[in-house]
Visitor: 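For reference, the structure I am asking about is given below.
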Protein chains: 2
Amino acid sequence: MKQDISKIADKISYIQNTLSVVNGKWKLPILLSMYSGISRFRDLQRNIPNITTRVLSKELKDLEGNKLIVRIVHDTYPVSIEYKLTPHSHSLTPLVDEMIKWGKQYKEK
Amino acid sequence: MKQDISKIADKISYIQNTLSVVNGKWKLPILLSMYSGISRFRDLQRNIPNITTRVLSKELKDLEGNKLIVRIVHDTYPVSIEYKLTPHSHSLTPLVDEMIKWGKQYKEK
DNA sequence: CCGAATCCAATATGATACTG
DNA sequence: CAGTATCATATTGGATTCGG
């Protein structure tokens, strides 16, 4: 049952890596929305209950900084902006799915 | 590709359920330590780098409030206190494992 | 040893208004 | 449409001290 302490320390540090990328109330809901095909600021805000523009803006920048999404400016008139997932971001889908699964069954208690 | 918006809303709300239980820097590292067999306050603090007594104390209360752990007072002298996982808490292991897995491969980039 | 209490700093989140 | 600016509140983190 007991495990090597040094391995536990490694695992804790891996968890903290993950948390440093997806921590907070909003990043995973944003990613889920984007997995579902939503790519515009306005649409994301409409789709995610109670998120404010200020928070959405900050979170998108964080996600961009961690290379999970890219911000694309279309040179139209007026300018339109699209947020797209990077290939790397799809590696998070198992985690997101587990979150959904657990939250669903937890609610049922 | 596009999904029914109402289903997305449900999924977001499930994710938020999960986050309401495990959000923050420390709860998953604490659970991981406990999965590994650590059950005493002092040992948890030693095992989780940089956590303070104040934060550990608060997080343990939160986890207890969400029925993931129980606090057992042994009537010895001096009193010894043991934190134990509830059966319910084990339903989180797939999520924790995903966190470890993702954090590990992320680090390698 | 196992925390609780206190005080304070730093972040995260939220409400609202406004701009190119 | 896609944000920024400003202000306010809430939550989290940290240092230290204290009591059973």
Side-chain angles (χ1 to χ4, degrees), chain A residues 12-13 15-34 37-66 68-85 99, chain B residues 12-13 15-31 33-34 37-66 68-85:
Chain A
I12 289 176
S13 121
I15 290 177
Q16 288 173 335
N17 284 344
T18 304
L19 290 174
S20 73
V21 175
V22 301
N23 203 11
K25 278 176 69 173
W26 301 112
K27 291 191 183 67
L28 292 175
I30 290 169
L31 287 173
L32 173 65
S33 298
M34 294 185 68
I38 298 172
S39 61
R40 309 279 301 264
F41 190 96
R42 195 69 170 172
D43 294 333
L44 286 167
Q45 190 177 10
R46 264 196 287 263
N47 198 245
I48 303 169
N50 301 118
I51 196 167
T52 62
T53 60
R54 181 190 182 294
V55 170
L56 179 55
S57 175
K58 176 190 169 295
E59 298 292 73
L60 288 171
K61 275 178 191 157
D62 288 349
L63 291 170
E64 195 186 358
N66 283 316
L68 295 180
I69 65 176
V70 288
R71 181 177 187 272
I72 298 170
V73 181
H74 291 288
D75 197 10
T76 53
Y77 181 79
V79 168
S80 72
I81 293 174
E82 185 189 8
Y83 292 95
K84 292 195 63 173
L85 295 163
M99 285 262 176
Chain B
I12 288 177
S13 122
I15 290 178
Q16 288 173 335
N17 285 343
T18 303
L19 289 174
S20 73
V21 176
V22 301
N23 201 13
K25 278 176 70 172
W26 302 111
K27 291 193 184 65
L28 292 176
I30 290 169
L31 287 173
S33 298
M34 293 186 67
I38 298 172
S39 62
R40 309 281 302 265
F41 190 95
R42 198 67 170 172
D43 294 333
L44 287 167
Q45 192 177 8
R46 263 195 288 263
N47 198 245
I48 302 168
N50 301 119
I51 196 168
T52 62
T53 63
R54 182 191 184 291
V55 171
L56 179 54
S57 176
K58 176 190 169 295
E59 298 292 73
L60 288 170
K61 273 179 193 156
D62 288 349
L63 291 170
E64 195 186 357
N66 283 316
L68 295 180
I69 64 175
V70 288
R71 182 176 186 271
I72 298 169
V73 181
H74 292 287
D75 197 10
T76 53
Y77 181 79
V79 168
S80 72
I81 295 173
E82 185 188 8
Y83 293 94
K84 291 194 64 175
L85 294 164

Visitor: Whole angstroms only, please: what is the CG-C1' distance between B/Leu19 and D/dT11?
Guide: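 Distance check: B/Leu19 CG to D/dT11 C1' gives 15 Å.
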
Visitor: Is there a donor-acceptor pair under 3.5 Å between the side chain of B/Lys58 and the backbone N or O of B/Arg54?
Guide: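 Side chain of B/Lys58 to backbone of B/Arg54, a donor-acceptor pair under 3.5 Å: no, none is there.
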
Visitor: Contact class for A/Gly24 (heavy atom, under 4.0 Å): base, sugar-phosphate, or nothing?
Guide: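 Answer is sugar-phosphate: A/Gly24 comes under 4.0 Å of backbone atoms only.
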
Visitor: A/Arg40 near the nucleic acid: base, sugar-phosphate alone, or nothing, with a heavy-atom cut-off under 4.0 Å?
Guide: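 Contact class for A/Arg40: sugar-phosphate only.
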
Visitor: Using whole Å, report how far CD1 of A/Ile81 lies from C1' of C/dG20.
Guide: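 These atoms are roughly 11 Å apart.
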
Visitor: D/dT4 C1' sits how many Å from A/Phe41 CZ, rounded?
Guide: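 Taking atom C1' of D/dT4 as the reference, CZ of A/Phe41 is at 10 Å.
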
Visitor: Rounding to an integer number of Å, can you tell me how far A/Ile51 CD1 sits from D/dA2 C1'?
Guide: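 After rounding, the gap between these two atoms is 14 Å.
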
Visitor: Reckon B/Tyr83 touches a base, only the sugar-phosphate, or nothing at all at heavy-atom distances under 4.0 Å?
Guide: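 Touches sugar-phosphate only.
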
Visitor: For D/dG3 and A/Arg71 - does any side-chain N or O of the residue sit under 4.0 Å from the phosphate oxygens OP1/OP2?
Guide: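 Checking A/Arg71 against D/dG3: at least one side-chain N or O falls below 4.0 Å of OP1 or OP2.
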
Visitor: Which part of the nucleic acid does B/Arg46 contact within heavy-atom distance under 4.0 Å: base, sugar-phosphate only, or nothing?
Guide: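 B/Arg46: no heavy atom of the nucleic acid under 4.0 Å.
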
Visitor: Please classify the nucleic acid contact of B/Asn50 as base, sugar-phosphate, or nothing, using heavy-atom distances under 4.0 Å.
Guide: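 If one applies the 4.0 Å heavy-atom cut-off, B/Asn50 turns out to touch the sugar-phosphate alone, with no base involved.
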
Visitor: Rounded off to whole Å, could you give me the NZ-to-P distance for the A/Lys61 and D/dA2 pair?
Guide: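 Distance check: A/Lys61 NZ to D/dA2 P gives 15 Å.
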
Visitor: So A/Leu56 and A/Leu60, do their side chains get closer than 4.5 Å, heavy atoms only?
Guide: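 Yes; the side chains approach each other to less than 4.5 Å.
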
Visitor: Taking only side-chain nitrogens and oxygens of A/Lys58, does any of them come within less than 4.0 Å of OP1 or OP2 of D/dG3?
Guide: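 No.
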
Visitor: Rounded to whole Å, please give me the gap between NE2 in A/His74 and C1' in D/dG3.
Guide: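 It is 16 Å, rounded to the nearest whole Å.
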
Visitor: Does B/Trp26 put a side-chain nitrogen or oxygen below 4.0 Å from OP1 or OP2 of D/dG13?
Guide: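 Looking at the OP1 and OP2 atoms of D/dG13, one of them is under 4.0 Å from a side-chain N or O of B/Trp26.
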
Visitor: I need the CD1-P distance between A/Ile72 and D/dG3, as an integer number of Å.
Guide: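 Distance check: A/Ile72 CD1 to D/dG3 P gives 13 Å.
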
Visitor: Is the shortest side-chain N/O distance from A/Ser57 to OP1 or OP2 of D/dT4 below 4.0 Å?
Guide: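 Yes, because at least one side-chain N or O of A/Ser57 sits under 4.0 Å from OP1 or OP2 of D/dT4.
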
Visitor: Looking at CD1 of A/Ile38 and CD1 of A/Ile30, how far apart are the two atoms once the value is rounded to the nearest 0.5 Å?
Guide: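 So the CD1 of A/Ile38 and the CD1 of A/Ile30 are separated by 11.0 Å.
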
Visitor: To the nearest 0.5 Å, what is the distance between CD (B/Glu59) and CD1 (B/Ile51)?
Guide: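 That separation rounds to 6.5 Å.
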
Visitor: Find which nucleotide of DNA chain D each of A/Asp43 and B/Val55 is nearest to by heavy atoms, and output the residue with the more 5' nucleotide.
Guide: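 Nearer the 5' end of the strand: A/Asp43.
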
Visitor: OP1 or OP2 of D/dA2 sitting under 4.0 Å from any side-chain N/O of A/Arg42?
Guide: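 So the side chain of A/Arg42 is outside the cut-off, no N or O lying under 4.0 Å from OP1 or OP2 of D/dA2.
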
Visitor: Could you state the interatomic distance from OG1 (A/Thr52) to CH2 (A/Trp26), rounded to the nearest 0.5 Å?
Guide: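 A/Thr52 OG1 to A/Trp26 CH2: 8.0 Å, rounded to 0.5 Å.
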
Visitor: Give the rounded distance in Å between these two atoms: CZ of B/Arg54 and P of D/dA15.
Guide: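 Answer to the nearest Å: 12 Å.
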
Visitor: Would you kindly check whether a donor in the side chain of A/Thr53 faces an acceptor in the base of D/dT4, or vice versa, at under 3.5 angstrom?
Guide: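 In this structure, the two groups form a donor-acceptor pair.
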
